[in-house]
2 protein chains.
Amino acid sequence: MGVRVSSANSLAVEDLGSAAQRDRRKRILDATITLASQGGFDAVQMRAVAEQADVALGTLYRYFPSKIHLLVSALQREFERTEAIMRERPSEGDTAAERVINSLKRTTRGMQSDPQLTEALTRAFMFADGSVAAEIHQVGMLLTSMLTKAMHPEGHDKLTEEDVAIARVIGDVWLSALVGWVTGRTTAAETGQQIEVAVKLLLRD
Amino acid sequence: MGVRVSSANSLAVEDLGSAAQRDRRKRILDATITLASQGGFDAVQMRAVAEQADVALGTLYRYFPSKIHLLVSALQREFERTEAIMRERPSEGDTAAERVINSLKRTTRGMQSDPQLTEALTRAFMFADGSVAAEIHQVGMLLTSMLTKAMHPEGHDKLTEEDVAIARVIGDVWLSALVGWVTGRTTAAETGQQIEVAVKLLLRD
DNA sequence: TGGCGAACTGGAACGTGTTCCTATTTTAGA
DNA sequence: TCTAAAATAGGAACACGTTCCAGTTCGCCA
């Protein structure tokens with residue numbers, strides 16, 4: 001456990017030898033988050049990220065080969081943080097449906113408290129092509145794992161194929177709903193409803 | 001007098017008075033589809049579209065205020081064509097699940113026969129922001145309607161709230177699967193499975 | 001038919017993602 | 001410690017979406 005495939009594209013933390021490099025990487029991602037929080041996807045401009053991270057433009061591209069890689073990597077780091085919080089303090093509820101809905105609502109609420117950041121990260125995620133597959137896959141796994149844990153908090157031994165399939169479907173609906181929200185096509189309330197409906201359809205105990 | 005727009009920011013067919021204008025619009029969309037089929041999203045370059053449609057760049061932007069509007073409008077036209085075919089020759093099957101799966105597989109197969117075009121249109125759809133809401137909504141309605149018709153071919157009188165909710169969820173899964181496929185993260189076979197699993201979970205008669 | 005406003009043309013110009021190049025600094029190995 | 005290789009800085013250059021402008025053509029109507 002804990003082994004992560006280092007991407008062929010972005011430089012993952014494990015690939016970075018020196019502390020200075022790890023620090024550069026952190027500064028870059030911090031700058032990305034800051035700019036995204038302030039102005040969303042469009043405000044994350046490569047020159048601005050480089051300047052704020054105190055790094056040359058070429059170096060930025062050395063660490064992250066494109067804006068999309070950069071944002072998806074930032075998303076990955078944020079999501080890992082979220083997942084850690086979830087692990088520490090799992091959502092409570094009597095039924096699987098309740099726990100799943102609670103998990104997603106908590107996560108969604110967190111994202112809605114910083115709409116610009118969410119917009120930037122979600123856009124990047126949806127726009128990512130095959131060259132970002134490794135990073136995307138990581139995030140997808142985290143999401144599915146978060147959902148299956150909410151479904152079966154006792155342990156993962158009991159997980160059936162169907163459980164995983166259901167988690168995937170819920171994840172898909174959540175993503176679609178999120179895209180609708182960040183692109184201004186639906187409201188936060190509608191997003192919540194959309195997820196709730198899907199979960200209730202899929203998890204009728 | 002200023003330019004009238006119907007429900008969207010793009011110039012819809014109804015807004016175009018003269019036959020020459022309708023023809024220009026058609027030429028633009030044709031050029032878009034041609035270029036998209038050949039090289040996908042990246043190949044749909046505004047200068048290239050303008051040149052191939054034999055129209056000035058400024059005119060192109062007059063008809064479609066952005067590349068995203070252009071592509072989503074092209075998607076809309078294609079989808080209307082698909083929907084017409086479906087109406088003429090509905091999918092057969094004994095159960096709602098079978099018919100829905102057949103519909104989606106037929107549609108998906110059509111898209112997979114032109115991967116570049118599908119990539120271009122899907123990317124645009126997922127990247128579209130609030131300013132394209134009208135066009136997006138149109139497409140969403142077509143999709144939901146296609147699905148509910150497959151669920152209840154007899155007529156729409158019997159449609160319950162739940163039916164529509166289910167159709168929406170299936171649509172979400174289909175979109176997510178499509179994004180995975182066009183971005184090269186999943187194979188065509190996996191896409192089909194993903195949909196099949198979701199439909200079977202949601203439509204267990 | 002003449003004139004007027006809208007639409008169109010052709011192309012310059014700007015912003016931002018991305019690439020590339022040279023000089024300088026840092027790192028690793030002998 | 002010295003040196004070669006790798007990493008970084010700094011910045012020019014290019015591509016494509018988008019905007020803008022001056023001149024021309026088109027369509028309508030008095």
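Not measured: the values here are computed from a predicted model. We name chains A, B, ... by the order of the sequence lines, and we start the count at 1 in each one. Scope of the values below: all heavy atoms of this structure, side chains included, with no hydrogens, waters or symmetry mates.
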On the nucleotide C:dA7, are OP1 or OP2 found under 4.0 Å from the side-chain N or O atoms that B:R62 carries? yes
Restricting to side chain to side chain contact (heavy atoms under 4.5 Å, CB included), what partner residues turn up for B:T34, sequence neighbours left out? B:Q38, B:Q52
Using the ring centroid of each side chain, check whether B:F41 and A:F127 are separated by less than 6.0 Å. yes
At under 4.0 Å between heavy atoms, what does B:R24 touch on the DNA or RNA strands: base, sugar-phosphate, or nothing? sugar-phosphate
In whole Å, I'd like the distance from the CD atom of B:E51 to the C1' atom of C:dC8. 17 Å
Quick check on C:dC8: is either OP1 or OP2 less than 4.0 Å from any side-chain nitrogen or oxygen of B:Y63? yes
Please determine, for the side chain of B:A56, which listed nucleotide (C:dT18, D:dA9, C:dT9) has the closest atom? C:dT9
Quick check for you: among D:dT18, C:dG17, C:dT27, whose closest atom lies nearest to any side-chain atom of B:K67? D:dT18
Closer to the 5' end of DNA chain C via nearest nucleotide, is it A:G58 or A:F41? A:F41
Whole-Å distance, B:D129 CG to D:dT18 P, equals 11 Å
Under 6.0 Å between the ring centres of B:F79 and B:F125? no
Examine the side chains of B:T108 and B:W174 and answer whether a donor and an acceptor come within less than 3.5 Å of each other. yes
Want to settle it: does B:A20 or B:D42 sit nearer the 5' end of DNA chain D, counting the closest nucleotide to each? B:D42
Tell me, yes or no, whether the heavy-atom count around A:R99 atom CZ, taken from other residues, nucleotides or ligands under 6.0 Å, exceeds 12. yes
B:Q45 side-chain proximity, nearest of C:dT9, D:dC16, C:dG17: D:dC16
Measure the distance from CE on B:M46 to C1' on C:dG10 and round it to the nearest whole Å. 17 Å
On DNA chain D, compare the nucleotides closest to B:R47 and A:D54; which residue's is nearer the 5' end? A:D54
Please report, rounded to the nearest Å, how far the C1' atom of C:dC8 is from the CD1 atom of B:I28. 11 Å
Measuring from the side chain of B:Q21 (C-beta onward, heavy atoms only), which nucleotide among C:dG17, C:dC8, D:dG17 has the closest atom? C:dC8
Would you indicate what A:V44 reaches in the nucleic acid, counting non-hydrogen atoms under 4.0 angstrom: base, sugar-phosphate, or nothing? sugar-phosphate
Whole-Å gap separating P (C:dT16) and CG (A:L35): 12 Å
Side chain of B:L57 - closest among C:dT19, D:dT18, C:dT9: D:dT18
